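Encoded as structure tokens, the structure appears first; notes follow it.
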Amino acid sequence: MLRPQGAVGGSVWERALYIHSPHLQSLLNGCEYRDRVLTMDTMNPNVKRVEYAVRGPIVQRAVQIERELKMGIKKPFTEVIKANIGDCHAMGQKPITFFRQVLALCSYPDLLEDSKFPEDAKSRARRILQACGGGSLGAYSTSQGIEMIRQDIARYIEQRDGGITCDPDNIYLSTGASDAIVTMLKLLVSGEGMSRTGVMISIPQYPLYSAALADLGAVQISYYLDEDNCWSLDISELRHALQEAKKHCSPRALCIINPGNPTGQVQSRQCIEDVIRFAAAEKLFLMADEVYQDNVYADGCKFHSFKKVLFEMGLEYSEKVELASFHSTSKCYMGECGFRGGYMEVVNLDPEVKVQLTKLVSVRLCPPVPGQALLDVVVNPPQPDEPSYDTFIKERTDTLATLAEKASMTQEILNQVPGIKCNPVQGAMYTFPRIHLPPKAILEGQVPDMFYCMKLLEETGICLVPGSGFGQRDGTYHFRMTILPPKEKLKIVLAKIKEFHQHFMEQYS
């Protein structure tokens, strides 16, 4: 549906792009493609409901500002700092040497004759290439992923979980964790009206979940994390959300992000046990998004995998609760977002449904094979008796230690700003501080924290994501920011946010 001249309606995305894109304005104001088969009136209505704040209108405006800076247009800053997304390498995090060596060897096997590469990297590359069709990363793999790599992942999971058995046939490699999450949601969603599938997701949440549910026509069942208790998960809140949802849909799944995105909390073992009991009692399929499992910083916090806790709770749960857990090469100390490597492990999945899952992933032929190769070296890194071990351990330790330092610094500096309250960043790589906005800044027709973040971008060049893109309690406002910029640049970002917020409060008080 086209907007008349002067009107700025529609979604947050449409309004922001309308304001900042002259090309889009001209399309909306002057061109009505009534003779087209595909129009806003005829397209899939679910797609119009999809919003993805992490790459939303503020990011689009940030890209425009970058172009303007290159054209010589004067701004009150010299660069745009994109602290909106967990893109580790784009923000300066260094790749792990061993991983890139193995990938280079796999991509260009002639390098296997080069003496500059260590023998353990060469042996990994030869092993991976032998498992590829024609000995090349350019060949398709099986749809579920290369069998040898799935076997290596199964061993990795067994070691991580203290020896609990993992069947490689329950491992599905994927195009990052996101692809596997959407695939599992596709299997879960069915029905119409009161029987339509409801999926419980945390608020705040990672917008992949709300976007996927909108696209699939499922019902989003929101449960709120407890901001006053470091974004903890309260089972009574789960119960309340579930009972309300049963009035208009059929709840079938519960999604947990641990460590949390965007909130940075790490769930306690007791909390995970409570969630598993709740899922068992209510017959809910559990989806555990665990892509930040190596990103744990706070004293007293520890990552517990849902699978490990499930099996340690005994047969009453380990043979009953259906679980899909997800991991990725994009986060943690690896940060290899662009390779799109990931996997899903399914537990207690109905064998006939598993056949359908395999069929569904086969439609996409296979996950990217370079991403599969990267995933293999992540789960099978250098061992103590190998030449690359010392360098690998130092790089991994230094990367995680730096992230921990930046997590602490971010929380400390933001909490010095009157009107900003920041919970401890226990894990992951984001902070989700609450911002107090004066009444004059809460303008009719504007989403307040979108207004705040857009103004921050225009005045400082810092690109953040408004909390409204992740969900938040009514009357509260937040932004999500990564802790990924290099330390010195992060200090500049935090100082600019502090200065901007103080000026903003004075301007609108």
Side-chain angles (χ1 to χ4, degrees), residues 8 12-29 52-93 406 409-410 413-414 416-420 430-433 435 437-438 440-443 445-469 477-509:
V8 186
V12 170
W13 179 288
E14 289 176 300
R15 292 200 299 274
L17 284 184
Y18 186 93
I19 292 165
H20 293 289
S21 173
H23 174 65
L24 184 59
Q25 285 187 36
S26 67
L27 285 175
L28 292 172
N29 292 339
Y52 190 65
V54 173
R55 292 180 181 263
I58 288 182
V59 183
Q60 300 296 316
R61 177 57 185 151
V63 171
Q64 291 173 355
I65 290 174
E66 285 181 317
R67 293 195 192 108
E68 292 169 7
L69 286 170
K70 288 178 181 177
M71 292 166 58
I73 297 174
K74 295 297 182 184
K75 302 284 182 184
F77 46 87
T78 58
E79 67 172 332
V80 173
I81 302 175
K82 293 178 181 173
N84 62 294
I85 194 168
D87 193 350
C88 306
H89 293 179
M91 297 306 294
Q93 184 172 310
K406 291 190 289 188
M409 180 174 72
T410 299
I413 292 176
L414 287 177
Q416 293 172 4
V417 184
I420 297 181
Y430 314 97
T431 182
F432 197 71
I435 50 175
L437 300 181
K440 288 183 181 178
I442 303 172
L443 308 172
Q446 291 271 17
V447 179
D449 47 19
M450 171 71 82
F451 173 68
Y452 177 95
C453 288
M454 191 67 81
K455 196 169 178 63
L456 174 73
L457 173 64
E458 297 285 353
E459 294 185 12
T460 70
I462 295 169
C463 181
L464 306 179
V465 191
S468 50
Y477 308 106
H478 303 78
F479 61 77
R480 189 190 81 159
M481 179 186 118
T482 74
I483 61 170
L484 291 172
K487 279 189 286 187
E488 292 310 310
K489 185 168 283 190
L490 182 60
K491 289 178 183 176
I492 294 169
V493 169
L494 293 168
K496 283 189 172 186
I497 291 173
K498 180 178 181 179
E499 181 182 357
F500 169 82
H501 188 82
Q502 291 169 336
H503 175 69
F504 185 90
M505 294 295 287
E506 292 168 3
Q507 183 179 0
Y508 289 98
S509 292

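It should be emphasised that the depicted structure is a prediction, and the values quoted were computed from it without experimental measurement.
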Is [Y] close to [X] at the side-chain level, that is, under 4.5 Å between some pair of heavy atoms?
X    : Y    : result
M409 : I483 : no
K496 : F77  : yes
M481 : L494 : yes
I442 : Y477 : yes

query = What's the verdict on salt bridge (charged side-chain N to carboxylate O under 4.0 Å, His left out) for E488 and K491, showing C-alpha distance, side-chain angles and the deciding distance?
reply = CA-CA 5 Å; E488 292 310 310; K491 289 178 183 176; 3.4 Å; yes
What distance separates [X] [atom1] from [Y] [atom2], expressed to the nearest 0.5 Å?
X    : Y    : atom1 : atom2 : result
I85  : T482 : CD1   : OG1   : 9.5 Å
I81  : T460 : CD1   : OG1   : 8.0 Å
D87  : K82  : CG    : NZ    : 9.5 Å
D449 : R480 : CG    : CZ    : 13.5 Å
E79  : K489 : CD    : NZ    : 4.0 Å
H501 : L456 : NE2   : CG    : 11.0 Å

request  = Can you label the angle between the Y508 ring and the F451 ring as parallel, tilted or perpendicular, going by 30° and 60°?
outcome  =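 Perpendicular: the ring planes of Y508 and F451 meet at over 60°.
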query = In terms of ring plane angle, is the pair F479 and Y452 parallel, tilted or perpendicular, where the classes change at 30° and 60°?
reply =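 Judged by the thresholds at 30° and 60°, the geometry between F479 and Y452 is parallel.
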So which heavy atom on [X] is nearest to which on [Y], and how close?
X    : Y    : value
P485 : L490 : O-CB, 3.9 Å
L69  : I73  : CD2-O, 4.0 Å
F504 : P438 : CE2-CD, 4.2 Å
E459 : P76  : O-CG, 3.6 Å

ask   = In this structure, are over 12 heavy atoms from other groups packed under 6.0 Å from E68 atom CD?
value =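 Enclosed: over 12 neighbouring heavy atoms sit under 6.0 Å from CD of E68.
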query = What residue among L457, I497, I58 forms side chain to side chain contact (heavy atoms under 4.5 Å, CB included) with L464?
reply =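 Only match with L464 under side chain to side chain contact (heavy atoms under 4.5 Å, CB included): I497.
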message = Within the 3.5 Å criterion, strictly below it, is a donor on R61 or Q64 matched to an acceptor on the partner's side chain?
response =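 Yes, a side-chain donor-acceptor pair sits under 3.5 Å.
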ask   = Which is it for V465 and C453 under the side-chain contact (heavy atoms from CB on, under 4.5 Å) test, yes or no, and what are the steps along the way?
value = CA-CA 7 Å; V465 191; C453 288; over 6 Å; no
